4 protein chains.
Amino acid sequence: MVNKVILVGNVGKDPEVRYFDNDQAVANFPLATTERGFKTRDGQEVPDRTEWHNIVAWRGLAKIAESYIKKGTQLYVEGRIRTRSYDDANGVKKYMTEIYADTINLLGRRNSGDNDQATRADQPMQHASLNQQSAAQNNLSNSSDQGSFNAGDSGPEDDLPF
Amino acid sequence: MVNKVILVGNVGKDPEVRYFDNDQAVANFPLATTERGFKTRDGQEVPDRTEWHNIVAWRGLAKIAESYIKKGTQLYVEGRIRTRSYDDANGVKKYMTEIYADTINLLGRRNSGDNDQATRADQPMQHASLNQQSAAQNNLSNSSDQGSFNAGDSGPEDDLPF
Amino acid sequence: MVNKVILVGNVGKDPEVRYFDNDQAVANFPLATTERGFKTRDGQEVPDRTEWHNIVAWRGLAKIAESYIKKGTQLYVEGRIRTRSYDDANGVKKYMTEIYADTINLLGRRNSGDNDQATRADQPMQHASLNQQSAAQNNLSNSSDQGSFNAGDSGPEDDLPF
Amino acid sequence: MVNKVILVGNVGKDPEVRYFDNDQAVANFPLATTERGFKTRDGQEVPDRTEWHNIVAWRGLAKIAESYIKKGTQLYVEGRIRTRSYDDANGVKKYMTEIYADTINLLGRRNSGDNDQATRADQPMQHASLNQQSAAQNNLSNSSDQGSFNAGDSGPEDDLPF
DNA sequence: TTTT
DNA sequence: TTTT
């Protein structure tokens with residue numbers, strides 16, 4: 001009943017964005033979360049461990065991803081886990097686990113400091129929050145996130161292949 | 001940019017539901033989460049500690065709360081923190097922290113198993129998930145929650161006092 | 001930097017628990033989360049969708065899993081995503097995504113099991129919360145969860161294969 | 001049974017850190033999360049809304065807060081809600097809701113500081129993750145967070161006033 | 001393949 | 001009292 005993922009990490013590659021006939025879009029990109037290593041009690045070294053998450057962002061979030069997310073960007077991503085199967089080139093069934101993003105926040109765009117907000121024209125998305133949820137469910141939203149870039153503007157949501 | 005609360009606990013009293021002229025509704029009820037006590041290293045006893053959360057559910061969630069939530073119900077609540085001020089009977093300014101629910105799940109309605117789902121007519125809400133989000137924000141929703149009772153059916157959301 | 005998963009769902013099969021020489025244990029079991037289907041605006045039916053999560057619980061949590069979790073049990077699981085690779089019987093590299101549990105809560109008054117017993121003296125674990133975290137990291141814990149069954153009692157944690 | 005808060009926001013003032021006889025420390029600071037305003041369907045303007053959270057960080061996290069967190073710092077905070085009562089100067093009982101931090105992550109590439117330096121040798125804490133949990137509960141921890149600054153180094157945890 |  |  002609850003399938004929720006919360007990630008804070010860095011984008012590994014520029015998003016790949018595909019557009020569909022019906023004006024829909026989907027973006028895919030990898031996000032790294034690194035778990036710091038440590039020493040065990042008996043002195044063994046456990047190294048850092050990086051987990052790569054396959055992020056999938058539909059519709060409005062896809063377009064935002066295309067515009068504002070790139071290799072190295074630090075993100076907050078809230079979404080859910082989806083495992084899908086596909087047949088590889090040899091007809092072998094493969095499984096892939098992805099994170100379907102519901103909300104994306106751009107982090108750390110050089111805010112900080114007590115001033116330091118100099119030349120920002122190039123950074124219109126600082127701290128922006130992107131919230132995507134399916135109007136198809138007729139949900140209401142009192143999202144806590146900054147909503148300047150939520151997916152609601154992206155047109156019909158009816159015939160999505162998922 | 002992110003203000004998220006996740007609670008699993010038990011309802012302390014039947015919800016109080018108020019209706020407004022514009023067909024809006026709001027439900028209020030207390031939810032308890034208990035933190036188990038423990039013994040410190042030097043033998044001190046730290047007792048159990050119960051935290052009471054003031055849950056506020058608007059619109060569709062309010063109506064669902066009225067129908068399905070009562071004293072003792074175990075719930076999953078996802079929402080956000082809101083502190084509001086008000087003047088008490090003596091004109092003294094008071095502050096109250098509440099949890100605005102975005103999603104509510106009824107837990108433990110004897111579901112389980114692939115069997116054991118005998119006499120269920122009386123339990124139409126098993127594992128139901130209630131998802132409320134403001135259509136006013138034109139958000140899309142691909143909610144991961146079971147949506148049979150989301151708030152989207154509750155009519156206009158335009159002139160809410162919050 | 002943050003890799004957090006929160007699940008509420010039902011256990012699909014009794015846990016498989018393996019013990020190691022050094023008194024360590026690990027439990028594996030599948031957990032289902034079901035996303036309710038809906039109708040799109042243009043009348044298409046999107047069916048329910050069940051996601052199966054491979055839960056991995058180490059040490060104390062494994063032992064608790066063995067004792068209290070079985071097919072049908074409704075659980076709250078908090079953990080993190082781990083994808084690991086292995087070679088299948090044909091020497092083909094495969095990937096598997098698992099959820100490493102950090103906290104497990106048994107949900108429901110009369111949770112779990114195909115038996116679903118009546119009065120509760122025999123069910124000391126109702127609503128229990130299991131919290132597992134590696135002492136190897138010398139962490140402190142002020143866990144918000146009921147801690148009656150946390151993993152701290154399970155002995156040395158030094159030479160774990162992960 | 002679950003009382004979890006996840007916040008991403010900006011620190012409003014430099015932390016106040018108090019030390020106790022037993023080498024314990026506690027830090028307090030406000031954290032702002034801003035919910036973006038929006039227009040309702042009928043054209044009403046709902047303004048931005050900033051929620052201020054009172055963050056409380058004990059022990060190791062307190063010391064880290066003192067060193068690395070200041071006004072303006074963007075943080076990820078994971079913790080739990082605690083409401084406590086106290087008598088004000090006039091003997092009137094007051095209530096205050098606080099967030100007890102269990103994990104803190106410094107966000108942003110070039111976070112914190114009024115200087116905002118270029119190359120990073122002087123900023124060993126960038127993206128660091130601070131994890132605090134009570135050893136008094138004998139918990140294990142396989143924290144997903146970068147653990148370079150968890151609270152485990154801070155000495156005896158036995159006689160804490162909470 | 002990111003980041004520190 | 002932060003940030004955009």
Side-chain angles (χ1 to χ4, degrees), chain A residues 7-16 28-37 47-55 68-75 77 105-118 120-130 145-149, chain B residues 1-3 83, chain C residues 1-3 83, chain D residues 7-16 28-37 47-55 68-75 77 105-112 114 119-130 145-149:
Chain A
L7 305 173
V8 174
N10 295 284
V11 174
K13 293 195 312 183
D14 288 357
E16 293 174 9
N28 293 270
F29 58 89
L31 186 79
T33 56
T34 298
E35 205 170 321
R36 183 67 70 207
D48 286 3
R49 190 182 187 291
T50 294
E51 181 75 26
W52 286 99
H53 309 271
N54 304 304
I55 310 294
Y68 297 105
I69 294 173
K70 57 177 198 276
K71 183 174 167 175
T73 306
Q74 190 184 33
L75 294 181
V77 174
N105 275 256
L106 305 184
L107 299 177
R109 310 293 275 202
R110 159 108 57 104
N111 54 296
S112 55
D114 19 20
N115 38 12
D116 181 29
Q117 40 187 30
R120 259 54 306 274
D122 56 335
Q123 294 191 9
M125 277 291 293
Q126 290 175 31
H127 293 168
S129 174
L130 323 171
D145 306 294
Q146 296 186 19
S148 42
F149 292 89
Chain B
M1 308 163 64
V2 176
N3 173 359
T83 298
Chain C
M1 306 163 64
V2 175
N3 173 358
T83 299
Chain D
L7 305 172
V8 175
N10 294 283
V11 174
K13 294 196 310 182
D14 288 357
E16 292 174 10
N28 292 269
F29 59 88
L31 187 79
T33 56
T34 298
E35 206 171 321
R36 184 67 70 206
D48 285 4
R49 189 181 188 291
T50 293
E51 181 74 27
W52 285 98
H53 309 271
N54 304 304
I55 309 295
Y68 297 104
I69 294 172
K70 52 182 195 258
K71 181 174 168 177
T73 305
Q74 189 184 32
L75 294 183
V77 174
N105 274 256
L106 306 184
L107 299 177
R109 235 178 298 276
R110 39 185 69 196
N111 54 284
S112 58
D114 20 21
T119 37
R120 264 57 299 279
D122 54 340
Q123 290 193 12
M125 275 293 292
Q126 286 176 34
H127 295 167
S129 173
L130 323 172
D145 306 294
Q146 297 186 17
S148 42
F149 290 89

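Please read these numbers as outputs of a predicted model, since none were measured by experiment. Order of the sequence lines sets the chain letters (A, B, ...), proteins ahead of strands, with each chain counted from 1.
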- Rounded to the Å, how far apart are D:R36 CZ and F:dT3 C1'? 9 Å
- Query: Does any N or O donor sit under 3.5 Å from an N or O acceptor when you compare the side chain of D:T33 with the base of F:dT2?
  - Reply: no
- Message: Tell me the interatomic distance from D:N10, atom CG, to F:dT2, atom P, rounded to whole angstroms.
- Response: 10 Å
- A:E51 CD to E:dT3 P, in whole Å, measures 18 Å
- Selected nucleotide, minimal atom distance to A:T34 side chain, candidates F:dT4, F:dT3, E:dT2: E:dT2
- Which of F:dT2, F:dT1, E:dT1 is nearest the side chain of D:T50? It is F:dT2
- Query: Judged by atom type as modelled, is there a donor-acceptor pair below 3.5 Å linking the side chain of A:D14 to the main-chain atoms of A:K71?
  - Reply: yes
- Measure from the side-chain heavy atoms of D:K71 and tell me the nearest of E:dT1, E:dT2, F:dT2. F:dT2
- Note on the structure: From CG of A:D48 across to C1' of E:dT4 the rounded distance in Å is 9 Å
- Message: Tell me the interatomic distance from D:K70, atom NZ, to F:dT2, atom C1', rounded to whole angstroms.
- Response: 14 Å
- F:dT2 pyrimidine/purine six-ring stacking with D:W52, under 5.5 Å and 30°: no
- Where the side chain of A:Q74 meets the backbone of D:G108, is there a donor-acceptor pair that is under 3.5 Å apart? yes
- Task: Using atom CG of D:N28 as one end and atom P of F:dT2 as the other, report the distance to the nearest whole Å.
- Result: 18 Å
- Rounded distance (Å) that lies between atom P of E:dT3 and atom CD1 of A:I69: 15 Å
- Message: Against D:E51, only a single residue in D:L31, D:T33, D:T34, D:L7 fulfils side chain to side chain contact (heavy atoms under 4.5 Å, CB included); can you say which?
- Response: D:T33
- Round to the nearest Å and state the distance from A:L7 atom CG to E:dT3 atom C1'. 14 Å
